[in-house]
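The block underneath contains the structure these notes are about, expressed in structure tokens.
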Amino acid sequence: MKSRFIRNILSGICALTLAVSILPGCNKVTADVVENKIEYHFANQNPGLAYGEITVSTEKPGDYQLYWGDDSGNRLKYNGVSFKELTDVTTTESKLTTTYKVPSEYTVIPQGAEKLMLVDSKSTTVYTYDIPKEKQLNEGNVIYQFGLMSDVHYNRYHDYSEDDSVVAFNNALKFINAQGIDFLGLTGDLSSHGEKEAFTKFKTATDKYPKMTVYTCMGNHDVGGIKDFNKYVNTKKKTDKNIKNINSNGVDFVYEKQGDIFIFFSQTKWSYNGKYSRLLEEQQLNWLEKNLNTFANKNVYLFFHSYFALENGDVTNAVGNLKNPGGYTYDLTYTFGNDDEKRFRKLLNKYSNVTMFNGHSHWAYDQQKYNSDLNVGNINSKKTGASIVHLASVSAPRTIETNSTERDENNGKLSQGTVALRYKNSTVYLSTDFIEGKYMADASYICYDGKKGTPIPAVKTGGSKIKSLGKIKKVSRKSKKYKVLVKYKKVKSAFKYEIQYATHKKFKSGKTKTKRTNKTKYTITKLKNKTTYYIRVRAYRYQFGERIYGKWSKIKRLKIKKK
């Protein structure tokens, strides 16, 4: 009886012990009492960057969440919209302390966040951490804001009458409009296979908001319907005074907003994973190169549908793609090392003032758990080129389980996009859950403006002059055709010379022939007898892949009159 009494006393002492100790009669080690606590170990001292490790300790085991808080200790909002949790935290009796690593080095501490709050399952704040003043974002006032979306894909999910994309896109537009955003940009794939019905659905949806400017490039699913795309999409650009340049194909164009440049650059081919596959025409790259130079001294946002592999060709860790532990990765990737890809990549490496938006893979923002660079990064590992931001699908953000080899489309279940806040020297990207109508704290980022450059002045090519026309001779003894040697003045820096001759003095196309040479003389052959010819010459050189012509020479008249 006495020994049982003593054992009960010892058991009570074991249960109440505060320090780690082993007492006579205790059969286990007891833990220290843990207080609710947050320790934030920042990876750097740069203001506004959340990157680092957060260690959370709780008095009681349970499920908790971390939220950004304002100066009053309320959950953070922007423009009346709440932020979702930064992360979920779970502690157990055996492990009352756990650590969360912020996945991306670009993750932002949003403007106005002064606290990090630990909230329990009853939505009670159990601990508040004060963010150091020097780590709080202080970019000043938002100059303007704009919306970002991708991969609407009308007619792809369910049938035409119950198209999930109709509901998703309409809801997203409603959210954007409620935020007072008057400009929305998309990275393409409005359709299933370039069908007219998809483009008219897009027009119907966006026409409901006449005060909102909505522009998009084409994606791979749109390329088969370029005629209808030009007819029903981006129609506002025809009268928009902020349009600075439109390519001859009608689908590439430049828009300016408050001094910033938005370039919509469409892939015009569906050609992936082949040695000679291309997504772009050579002329398009010429047009892009010229415009990137023109606006080298401005902040440029570039919309393009497909994503780039890493500089070593790895597509599984690129901004816009991932590889889960089960080995699954997205298959339709921009073919690394092909001519158009290499030239495009070279431009993105050259212009650090550019931020490129891509979509294509549809990956939901939380899939950054497989690739910390999924949603934001740079075209190169040194971070000296263009920034790149991935946009999830607005109608079907994809997810995949850890060991699965089949992805989930999530149409009707998820809908995501981004709200961009333009500050004086940076842009903050608030990933957005359109179904819940909230911003996603774990997938919101900041990109500081890249270094701007000085545009290279447009080159000029001097005019040439025909110095002489040689004697008219027969092409051969038996031939009935004649030839003449044309000599002309050398032009400095000329790449080649263009010689035109025609039987009409206004050089009408049906009666004109054009020849090119790098020499300062050229023999025109196969001239007919009893015929008058008109001859002119001009020099040309190249800049940004385009020919820069000099003025035509004065026209020389040549009459063939042989017996």
Side-chain angles (χ1 to χ4, degrees), residues 15-21 28-139 365-366 368-369 372 428 430-433 436-446:
L16 296 172
T17 299
L18 300 183
V20 175
S21 59
K28 62 179 180 179
V29 177
T30 61
D32 289 340
V33 166
V34 177
E35 296 178 350
N36 292 322
K37 188 177 181 182
I38 297 174
E39 293 181 359
Y40 205 143
H41 305 282
F42 293 103
N44 56 60
Q45 294 305 309
N46 297 331
L49 290 179
Y51 194 45
E53 290 187 347
I54 303 170
T55 300
V56 176
S57 301
T58 63
E59 291 179 356
K60 299 177 182 180
D63 296 323
Y64 298 84
Q65 293 178 317
L66 289 174
Y67 285 90
W68 297 121
D70 60 20
D71 58 346
S72 300
N74 300 312
R75 294 184 194 179
L76 189 66
K77 293 183 179 181
Y78 170 72
N79 203 15
V81 174
S82 299
F83 281 83
K84 297 175 70 172
E85 70 276 6
L86 179 64
T87 188
D88 295 317
V89 175
T90 298
T91 58
T92 63
E93 288 187 5
S94 61
K95 190 178 180 182
L96 291 172
T97 297
T98 187
T99 297
Y100 166 70
K101 183 176 181 179
V102 178
S104 171
E105 59 187 294
Y106 294 89
T107 303
V108 68
I109 302 172
Q111 191 97 321
E114 297 187 15
K115 301 178 186 297
L116 185 59
M117 306 188 306
L118 181 65
V119 178
D120 66 15
S121 58
K122 296 180 181 179
S123 295
T124 301
T125 301
V126 298
Y127 187 80
T128 299
Y129 168 85
D130 292 325
I131 300 170
K133 197 75 174 177
E134 62 272 14
K135 282 297 297 182
Q136 296 174 21
L137 187 66
N138 187 19
E139 287 292 283
Y365 294 128
D366 68 350
Q368 66 182 340
K369 61 187 177 183
S372 60
V428 168
L430 304 180
S431 294
T432 309
D433 181 334
E436 290 192 32
K438 293 181 179 180
Y439 295 125
M440 304 168 67
D442 62 328
S444 290
Y445 312 97
I446 184 169

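All figures in this text were calculated on a predicted structure; none of them were measured in a lab.
In summary, of the residues considered (Asp70, Asp71, Asp130, Asn74), a side chain to side chain donor-acceptor pair (under 3.5 Å) with Lys115 occurs for Asp130 alone.
Between the side chains of Ser104 and Ser372, no donor-acceptor pair is found at a separation under 3.5 Å.
In plain terms, the two heavy atoms of Gln368 and Asp442 that are nearest each other are NE2-O, 2.8 Å. Nearest approach of Gln136 to Ala113, heavy atoms of both residues: CG-O, 3.7 Å. Here the closest heavy-atom approach between residue Lys77 and residue Ser82 is recorded as CE-OG, 3.4 Å.
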Practice task
Determine, step by step, whether Leu430 and Ser444 satisfy the side chain to side chain contact (heavy atoms under 4.5 Å, CB included) criterion, reporting the C-alpha distance in whole Å, the side-chain angles of both residues, the deciding distance to 0.1 Å, and the verdict.
Solution key: CA-CA 5 Å; Leu430 304 180; Ser444 290; 3.7 Å; yes
Exercise for the section: Could you please spell out the steps behind the side chain to side chain contact (heavy atoms under 4.5 Å, CB included) verdict for Val56 and Tyr64? Expected result: CA-CA 10 Å; Val56 176; Tyr64 298 84; 5.9 Å; no
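Lys60 NZ: 12 or fewer foreign heavy atoms inside a 6.0 Å radius.
In this structure, Tyr439 and Tyr78 have tilted ring planes: the angle between them lies in the 30° to 60° band.
Here Tyr127 and Tyr129 keep their ring centres 6.0 angstrom or further from each other.
Taking CE from Met117 and CG from Leu86, the interatomic distance works out to 11.5 Å, rounded to the nearest 0.5 Å. To the nearest 0.5 angstrom, Asp433 atom CG is 6.0 Å from Met440 atom CE. With rounding to the nearest 0.5 angstrom, the CD atom of Gln111 is 10.0 Å from the CD atom of Glu114. How far CZ of Phe42 is from CD1 of Ile54: 7.5 Å, rounded to the nearest 0.5 Å.
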